[in-house]
Amino acid sequence: MSNRKYYLTTPIYYVNAAPHIGHAYTTIAAETIARLKRMQGYDVVLTSGTDEHGTKVERAAKAKGKTPKEYADIISADFQSTWKKLELQIDRFQRTTNENHARIVNELFERCLANGYIYKGTYTGLYAVVSEAFVNDAKPGDLDPETGKPYEEVTEENYFFKLSAFTERLLEYYEANPNFIRPDFRKNEVVAFVKQGLVDLSITRTSITWGIPVNHDPKHVFYVWFDALTTYMSAVDGEGRWPADLHLIGKEILRFHAVFWPAFLMAAGWELPKEVFAHGWLLFENDKMSKTRGNIVRPAPISETMGVDALRYFLLREIVFGQDGSFSFDALVGRYNSDLANGLGNLASRTLSMIQQYRGGVVPDAECDAAIGEAVTGGTAAALDAYEKFEFSRALEAIWNIISVVDKFIVERAPWKLAKDPHAQRKLDETLLTSAEALRVVTALVSPALPHAAQAIWRQLGFNEPVAALRTDALAWGSALAGQKIAEIKGVFPRLDLKPTVEKMQELEIVEKNRQAEMMGVPKTAEVAAAPVYIDIDDFTRVDLRVGQVKSAEPVKGADKLLHLKVDIGEAEPRTIVAGIALAYKPEQLIGRKVVIVANLAPRKLRGITSQGMIVAASLEGGAPVLAAFLEDVPVGARLK
RNA sequence: GCCGGUGUAGCUCAGGUGGUUAGAGCGACGGUCUCAUAAUCCGUAGGUCGGAGGUUCAACUCCUCCCGCCGGCACCA
């Protein structure tokens, strides 16, 4: 075994959502990299895990009548069983509720404290429960766009991390380590963000009980990111593996990994991870997947119907790694049939069958065709190069290019004709050996991406050692296949009919969705039941809602979303109202229109204009507001009660 | 609004530093072989290379402006 080590991580997944294809995407990519690095001779550890603390979990658990830990146990187990179903080899699965984790988090805190980067302060602010963050810009009474409920006002004593002290050091670090953040365009975004200057970070809470206690001051528990990021260290506690070589993450959590995490580590005097790679999002037919849209795809129905390698192949081949990609069931089956069934599967099938028929199942001894050898060698180099850069789609493209060359070669040689010609037996041997050798290399080459199919073909080629045990030297052209007895031939990627296959997956999808909903306790209704925000009639009448008519409307300079409105609500002068509806309404659509106004909202300056009220609109997922309106005609100034 | 990216055949995309008829894969259509999973292989598909200007002997490739889309920030929520 080599002493070269490679440690990579998936994110730890938050247990307020059930496993979906997005989680699977990250984990599959990470596992592919792990296999690749093993092939390159590294001693690899891949970790994943679950993030289990916080208010949201506390509430979801309560709604289900469980303790937070019981609840987290269930969801965490579901993540683990999902990875098992997808046959993903995860070496360590770390939970934020594991005991060794609390110790490391506290150690991180103590070191930061000792080094003067943590101080105690108080914070009064509005707290968004869903995103578990204080909201800086909101005012009392504002609604959380994610829940539609008011922010909660919280005053508490917190420990703060002096993130502001790291602005320069981080920028220097990015500069000195150009590969720390990938892809490049993401690095630029992070640099731009940091350059604006960083604000200190509250890292503990006293208002929450479901979290890791701060030993230094047990009234406090740790804030989500201070807690969660540290799993990357606690997962390999005592193994001498830190620092990690790679954190593979989705783009939505890049800031935490590329700014907060390195700052924490610098403060503690610990080593930083070598690289943070943020991949893009998986869209469903070009739309964002979301609970409200109801278009979330789960991995299990796909793997059960088409096999885990079909899912792996689609994700790695169809999507340019790093960019957003689009998933659809049709494209999934299309890729499967054209590339896996007709391409790799068929090449294996025809090559092995011919050896079986013409040579009794023994690979003949002959010379390999030199031109094919060159093509395979060149393709192998191209694939390895792309793999190394995590350009999976290119790597697979290069491999499929080899497959195409070999298919052409077989047709040109026409072994079925050679077989009938007693004078062409040597040429037939050459053809069969060359094809088999190419199949051998191709199989080894795809094995990080398609481990199970590769293993099946590998066995059929007559090898007993697992394909996963191969090292890159096995990719060299011309190794001794001659004389090898092949095993029983069995198609690895049977062709699938588009329609029934998609229908089957969609049926299973519904079953899986229901199962998950049951497991989660149907969070939507549960949440309302758990935390009803009642107001009495007096509270309501404090809100002065009036019918107004838009007199004028114009865009606000320097803002995409704002319109500057003058609204007549029956007062001497029309009100000036700045509303964030410019993306949904053109000024001319609004003039003359009756709208509902909150007349007694405290004035607020927006982009230099003082807004004397707020316009009432339905807030939809995805942003576009829809103005409240009346079916009957109503006079300007009328009060809503 | 600022910063970055992007817009090439039905779909997904290649096309360093400008130069003969703009490419690939998939899909579609036609043909072929029969070892193979109605697979393979061969051929065809004629797309104003987002729009308008400009530089140049010559621009998909350089410059300017405009339009669309994506991302980050601001802003909104």
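Letters go in sequence order (proteins before strands), and every chain restarts at 1.
Closest contact between the side chain of A:K408 and the listed nucleotides B:rU40, B:rU37, B:rC42 involves B:rC42. Comparing B:rG71, B:rC26, B:rC41 against the side chain of A:D407 picks out B:rC41 as the nearest. Of the candidates B:rG71, B:rC41, B:rC26, B:rC26 carries the atom nearest the A:S338 side chain, counting heavy atoms from C-beta on.
At the heavy-atom level, A:A341 lies under 4.0 Å from base atoms of the strands shown. Within the 4.0 angstrom heavy-atom criterion, no nucleotide atom of any strand lies near A:R317. Residue contacts shown for A:N188 are absent, as no nucleic acid heavy atom lies under 4.0 Å away.
Aromatic pair A:H279/A:Y25: centroids less than 6.0 angstrom apart.
The same atom, C1', is picked in B:rC66 and in B:rA77; the two are 31 Å apart, to the nearest Å. The gap from the P atom of B:rU21 to that of B:rC60 amounts to 11 Å, rounded to the nearest Å. Taking atom P on both nucleotides, B:rA14 is separated from B:rU6 by 10 Å, rounded to a whole Å. Using atom C1' as the reference point in both B:rC73 and B:rU55, the two lie 35 Å apart (nearest Å). Rounded to whole Å, the P atom of B:rA22 lies 15 Å from the corresponding atom of B:rU61. Rounded to whole Å, the separation between the C1' atoms of B:rA9 and B:rG53 comes to 27 Å. Taking atom P on both B:rU48 and B:rC2, the two are 32 Å apart, rounded to the nearest angstrom. Comparing the P positions of B:rC63 and B:rU17 gives an interatomic distance of 10 Å, to the nearest angstrom.
A cation-pi arrangement is present between A:R255 and A:F193 under the rule of less than 6.0 angstrom and at most 45 degrees off the ring axis.
Side chain of A:Q460 to backbone of A:L352: no donor-acceptor contact under 3.5 angstrom is found. The main-chain N or O of A:K56 is never found under 3.5 Å from a side-chain atom of A:N16 such that the two would form a donor-acceptor pair. The backbone N or O of A:Y173 lies less than 3.5 Å from a partner atom in the side chain of A:N177, making a donor-acceptor pair. A donor-acceptor contact shorter than 3.5 Å links the side chain of A:Y387 to the backbone of A:L445. Judged by distance alone, with hydrogens and angles left aside, the side-chain atoms of A:D324 form no donor-acceptor pair with the main-chain N or O of A:G280 at under 3.5 Å. Not one N or O on the side chain of A:H564 forms a donor-acceptor pair closer than 3.5 Å with the backbone of A:T576. With hydrogens and angles disregarded, a donor-acceptor distance shorter than 3.5 Å links the side chain of A:R312 to the backbone of A:A449.
No more than 12 heavy atoms of other residues, nucleotides or ligands shown are found within 6.0 angstrom of CD on A:E367. Atom NZ of A:K485 sits in a crowded spot, with more than 12 heavy atoms from other residues, nucleotides or ligands closer than 6.0 Å.
Remark: RNA chain B forms stems of 3 or more consecutive Watson-Crick or G-U wobble pairs, all pair distances under 3.5 Å, at B:1-7 with B:67-73, B:10-13 with B:23-26, B:28-31 with B:41-44, B:50-54 with B:62-66.
The CG atom of A:D339 sits 17 Å away from the P atom of B:rA24 (whole-angstrom rounding). As a whole-Å value, the separation of A:I457 CD1 from B:rU37 C1' is 13 Å. One can place CG of A:N337 at 10 Å from C1' of B:rA39, the figure rounded to the nearest angstrom. Put simply, CD on A:E412 is 9 Å from C1' on B:rC41, counting in whole angstrom units. Spacing between atom CG of A:L340 and atom C1' of B:rU37 amounts to 12 Å, rounded to whole angstrom units. Taking atom NE2 of A:H279 as the reference point, atom C1' of B:rC70 lies 17 Å away to the nearest angstrom. When the P atom of B:rU37 is taken as reference, atom CG of A:D497 falls 16 Å away, rounded to whole Å. Atoms CG (A:L498) and C1' (B:rC26) sit 14 Å apart, rounded to a whole Å.
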Contact state string [nucleotides 8-14 of chain B, B base, S sugar-phosphate only, - no protein heavy atom under 4.0 Å]: ------S
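Nucleotides of RNA chain B nearest to A:Q196 and A:P494 differ in position, and the one nearer the 5' end is that of A:P494. Toward the 5' end of RNA chain B, the nearer of the two residues A:V405 and A:E189, judged by each one's closest nucleotide, is A:V405.
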When you compare the protein's N or O atoms with those of nucleotides 29-35 of chain B, which come within less than 3.5 Å of each other, and at what distance?
residue: B:rC33; atom: O2'; partner: A:W416; partner atom: NE1; Å: 3.2
residue: B:rC35; atom: O4'; partner: A:Y358; partner atom: OH; Å: 3.3
residue: B:rC35; atom: O3'; partner: A:Q357; partner atom: NE2; Å: 3.1
residue: B:rC35; atom: O2; partner: A:R350; partner atom: NE; Å: 3.1
residue: B:rC35; atom: N3; partner: A:R350; partner atom: NE; Å: 3.4
residue: B:rC35; atom: N3; partner: A:R350; partner atom: NH2; Å: 2.6
residue: B:rC35; atom: N4; partner: A:R350; partner atom: NH2; Å: 3.2

Chi angles and distances behind the salt bridge (charged side-chain N to carboxylate O under 4.0 Å, His left out) call for A:R350, A:D407: CA-CA 10 Å; A:R350 70 194 308 202; A:D407 270 332; 2.6 Å; yes
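Checking A:L340, A:D339, A:L332 one by one against A:Y336, the side chain to side chain contact (heavy atoms under 4.5 Å, CB included) holds for a single residue, A:L340.
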